[in-house]
Amino acid sequence: MQRTLILFKPDAVQRRLTGQLLSRLETKGLKIVGLKMLRVTPELSRQHYAEHVSKPFYPLLEEFITAGPVVALVAEGPKAVSVVRTMMGPTNGADAPPGTIRGDFGVSRQMNLMHGSDSPEAAAKEIAVYFKPEELLEYTSSLSAWVCASDEGK
Ligand code: IDP
Ligand code: MG
């Protein structure tokens, strides 16, 4: 069982796609254990995108990610990190295949709607950055029994 950090980026919120994106995650069978709306500050952007801060595209990326509210979520499920990365598709919406979120909703390299942690290690760090422990809810979902077998976790 894994957890991953997801952001619906400002383009997704402004385009009123929050419901559709959340629905895709829920329909896939992921369990939402944390959910909130916030504004990414320049400081948080530098922390979140530390690996990209020195790249030429970073100033525009920071401008974009801080330009409006984001929705932050923690989703839980078997292989949640890779499941969400596969659902999102490649970074550039123009290259992302139909059926992926970036492929179905966008054509941009920057405005690609969604962030998903790229490894379990990154997920642990990012979850701790965006959520306090008490903001992550432990609960039993009665549908879990019909989402995967008992030896795959609930
Ligand atoms: P990822 O979100 O698919 O993991 P990364 O390469 O980690 O992609 O880049 C982080 C974010 O930075 C991307 O999701 C996108 O919003 C933006 N980005 C990545 N590469 C470029 C670029 O070449 N130009 C502009 N923005 C970019
Ligand atoms: Mg990345």
Side-chain angles (χ1 to χ4, degrees), residues 1-133 135-137 147-148 152-153:
M1 194 55 60
Q2 246 175 26
R3 287 181 172 183
T4 190
L5 187 278
I6 296 165
L7 297 180
F8 298 161
K9 297 184 183 183
D11 55 332
V13 174
Q14 291 288 342
R15 290 173 57 197
R16 303 182 185 182
L17 294 172
T18 295
Q20 289 191 60
L21 299 187
L22 183 58
S23 180
R24 286 173 80 131
L25 298 171
E26 289 192 312
T27 305
K28 176 68 176 167
L30 292 164
K31 182 173 154 191
I32 308 302
V33 297
L35 176 65
K36 63 174 152 185
M37 208 168 188
L38 68 132
R39 189 84 178 238
V40 174
T41 61
E43 185 191 15
L44 178 54
S45 173
R46 285 193 294 275
Q47 186 178 358
H48 180 104
Y49 285 125
E51 63 177 313
H52 298 307
V53 166
S54 58
K55 296 189 181 158
F57 65 80
Y58 181 76
L60 269 181
L61 174 59
E62 183 184 294
E63 192 181 314
F64 161 59
I65 203 73
T66 61
V70 301
V71 175
L73 304 88
V74 177
E76 187 180 278
K79 300 187 182 181
V81 168
S82 63
V83 163
V84 170
R85 294 287 294 187
T86 303
M87 288 177 77
M88 288 196 314
T91 304
N92 190 335
D95 301 327
T100 64
I101 287 166
R102 287 164 168 176
D104 284 351
F105 291 102
V107 289
S108 170
R109 191 172 54 183
Q110 179 186 263
M111 298 194 183
N112 55 11
L113 301 133
M114 218 172 117
H115 166 82
S117 306
D118 63 8
S119 67
E121 296 72 30
K125 278 190 208 149
E126 293 173 358
I127 289 168
V129 166
Y130 283 89
F131 287 87
K132 297 178 192 149
E135 291 174 325
L136 300 175
L137 304 180
V147 172
C148 55
E152 298 171 307

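Ligands are counted one by one from 1 in listed order, and the atoms in each one are counted from 1 as well. All of these numbers come straight from a predicted model, not from anything done at the bench.
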Self-check item: Inter- and intrachain pairs under side-chain hydrogen bond (donor to acceptor under 3.5 Å, both in side chains), touching residues 35-47, at least two apart
Solution: K36-E135, S45-Y58

Self-check item: Distance, nearest 0.5 Å, that separates CG of L113 from CZ of R102
Solution: 8.0 Å

Quiz item: Is a side-chain N or O of S117 found less than 3.5 angstrom from the main chain of T4, in a donor-acceptor match?
Solution: no

Quiz item: Testing L30, L21, L25 for side chain to side chain contact (heavy atoms under 4.5 Å, CB included) with L73, which one passes?
Solution: L25

Could you tabulate the donor-acceptor pairs under 3.5 Å formed by side-chain atoms of residues 78-91, not counting sequence neighbours?
from, atom 1, to, atom 2, distance (Å)
S82, OG, K79, O, 3.3
R85, NH1, G116, O, 3.0
T86, OG1, S82, O, 2.8

Self-check item: Shell of residues surrounding ligand 1, defined by a 4.0 angstrom heavy-atom cut-off that is strict
Solution: K9, Y49, H52, F57, L61, R85, T91, R102, R109, Q110, N112

Exercise. Not counting sequence neighbours, which residues clear ring pair (Phe, Tyr, Trp, His ring centres under 6.0 Å) with Y130? List them please.
Key: H48

